[in-house]
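Every value quoted in this text rests on a predicted model; they were computed, and no experiment measured them. Below, chains carry the letters A, B, ... as their sequence lines are ordered, and counting in each starts from 1.
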Number of protein chains: 2
Amino acid sequence: MMKTKDYELLLERKGLKKTKVRIALIQHFMNMEHAQSYNDLQAALVSELDKSTLYRNLTSFEQAGIIHRINDHTGISKYAFGEPQIHGNEHAHFVCECCETVYCMEGLVPLQLNIPKGFKTNNVQTVIKGICAKC
Amino acid sequence: MMKTKDYELLLERKGLKKTKVRIALIQHFMNMEHAQSYNDLQAALVSELDKSTLYRNLTSFEQAGIIHRINDHTGISKYAFGEPQIHGNEHAHFVCECCETVYCMEGLVPLQLNIPKGFKTNNVQTVIKGICAKC
DNA sequence: TTCACAAATGCAACTTGGTTGCATTTAAAT
DNA sequence: ATTTAAATGCAACCAAGTTGCATTTGTGAA
């Protein structure tokens with residue numbers, strides 16, 4: 001997929017400084033296929049990363065479109081590589097009720113709702129709960 | 001719709017004691033057309049209700065199917081009268097990006113996702129963000 | 001009606017995800 | 001090498017929600 005050093009190009013393109021923390025973070029996101037919580041990240045990035053630094057970088061990355069934030073209805077935000085918009089529509093997320101892993105589901109969400117008059121839809125977010133292939 | 005004292009029948013039927021707090025709570029839910037946050041409830045139920053009592057009752061009510069909990073992706077749970085299951089499918093929720101009001105949307109959510117092999121879907125929750133009729 | 005018991009309440013203390021203010025450090029442009 | 005704005009780390013903080021425990025209250029049986 002991505003060549004070595006592509007994360008540096010990514011940071012450059014977004015006008016973000018290439019700091020140690022950011023490079024470690026972005027590499028980790030590229031290696032993980034599942035969404036990561038704050039705790040996942042803190043545990044994975046061995047070198048005791050500061051809480052506020054981590055959260056601030058997650059926010060920067062999200063704003064830059066490097067990662068997207070996922071709310072899996074546990075109240076705890078998770079983050080995954082890539083922008084939420086795929087083909088102009090948001091993708092759905094699958095939350096395993098057993099292992100709590102969050103998967104990004106490719107494929108559009110065809111949705112025909114009867115929204116009442118006067119309501120303007122901006123975006124639709126779908127969370128699917130169930131049991132994943134591993135459980 | 002509901003006759004006077006129906007909330008008492010509701011509590012009885014669910015095997016819940018008819019306490020002052022519960023009667024006030026359930027009446028409030030019946031009068032409110034929109035989802036209520038902890039703060040909404042605390043502000044509405046004038047008689048300084050205890051935090052843990054309120055949360056515990058919200059949990060009981062949810063388990064009994066009197067109310068349902070809604071996650072509108074702000075990280076703050078909201079609660080609305082009624083069960084989430086309508087015709088065997090969960091209804092969608094509309095969150096106004098302006099006034100933050102959460103509306104329960106009637107009507108099914110027809111959904112055709114390509115869930116990968118080995119994934120078992122239990123339920124689907126949809127949050128629609130946009131601008132409501134009042135804003 | 002009263003008695004007894006389980007369940008509900010209220011209080012305080014705690015947990016946790018996330019934020020903020022500020023001094024120090026560092027990336028990178030000149 | 002110098003400068004400067006942005007990033008980091010630390011501590012203190014905030015808010016949503018939970019827990020343990022003593023007290024009160026609803027309810028069913030005597």
Minimum side-chain heavy-atom gap Q63(B)-L16(B) below 4.5 Å:
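Q63(B) vs L16(B): side chains apart.
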Side chains of K78(A) and H93(A): closer than 4.5 Å at any heavy-atom pair?
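The answer is no; the side chains never approach within 4.5 Å.
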Indicate, with yes or no, if the rings of F61(A) and Y79(A) have centres closer together than 6.0 Å.
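When the ring centroids of F61(A) and Y79(A) are compared, they turn out to be at least 6.0 Å apart.
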Between [atom2] of [N] and [atom1] of [X], the distance in whole Å:
{"X": "R69(A)", "N": "dG18(C)", "atom1": "CZ", "atom2": "P", "result": "7 Å"}
{"X": "I76(A)", "N": "dT18(D)", "atom1": "CD1", "atom2": "C1'", "result": "14 Å"}
{"X": "D50(A)", "N": "dC22(C)", "atom1": "CG", "atom2": "P", "result": "17 Å"}
{"X": "Q42(A)", "N": "dT16(C)", "atom1": "CD", "atom2": "P", "result": "14 Å"}
{"X": "L16(A)", "N": "dT26(C)", "atom1": "CG", "atom2": "C1'", "result": "15 Å"}
{"X": "K78(B)", "N": "dA15(D)", "atom1": "NZ", "atom2": "P", "result": "16 Å"}
{"X": "L58(A)", "N": "dG17(C)", "atom1": "CG", "atom2": "P", "result": "14 Å"}
{"X": "Q63(B)", "N": "dA8(C)", "atom1": "CD", "atom2": "P", "result": "11 Å"}

Please work out if [X] contacts a base, only the sugar-phosphate, or nothing of the nucleic acid, heavy-atom cut-off 4.0 Å.
{"X": "S77(B)", "answer": "sugar-phosphate"}
{"X": "R22(A)", "answer": "sugar-phosphate"}
{"X": "K18(A)", "answer": "sugar-phosphate"}
{"X": "T19(A)", "answer": "sugar-phosphate"}

Counting just side-chain N and O atoms, does [X] come under 4.0 Å of either OP1 or OP2 of [N]?
{"X": "N39(B)", "N": "dA16(D)", "value": "yes"}
{"X": "N57(A)", "N": "dA7(D)", "value": "no"}
{"X": "S52(B)", "N": "dG10(C)", "value": "no"}
{"X": "Y55(A)", "N": "dG18(C)", "value": "yes"}

Evaluate ring pair (Phe, Tyr, Trp, His ring centres under 6.0 Å) for Y55(B) paired with Y38(B), printing each intermediate quantity in order.
CA-CA 8 Å; Y55(B) 277 116; Y38(B) 164 79; 4.9 Å; yes
Could you say whether K17(B) or L49(B) is positioned toward the 5' end of DNA chain C, judged by the nucleotide with the nearest heavy atom to each?
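With K17(B) and L49(B) compared, the 5'-side residue is K17(B).
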Under 3.5 Å, is there a donor-acceptor pair between the side chain of E100(A) and the main chain of C98(A)?
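Checking the backbone N and O of C98(A) against the side chain of E100(A), no donor-acceptor pair under 3.5 Å is found.
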Taking N and O atoms by type only, does the side chain of K51(A) place a donor or acceptor under 3.5 Å from a partner on the base of dG18(C)?
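Yes, the side chain and the base share a sub-3.5 Å donor-acceptor pair.
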Using heavy-atom distances to pick each residue's nearest nucleotide on DNA chain D, tell me which of E48(A) and T59(B) is more 5'.
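On the 5' side of the pair lies E48(A).
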Y79(B) vs T53(A), nearer the 5' end of DNA chain D by closest nucleotide
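Closer to the 5' end of DNA chain D: T53(A).
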Closest listed nucleotide, where the reference is the side chain of R56(A) and the choices are dA28(C), dA16(D), dT20(C)
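Within the option list, the nearest is dT20(C).
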State, to 0.1 Å, how close A64(A) and K14(A) come at their nearest heavy-atom pair, and which atoms those are.
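Closest pair (atom of A64(A), atom of K14(A), distance): O-NZ, 2.9 Å.
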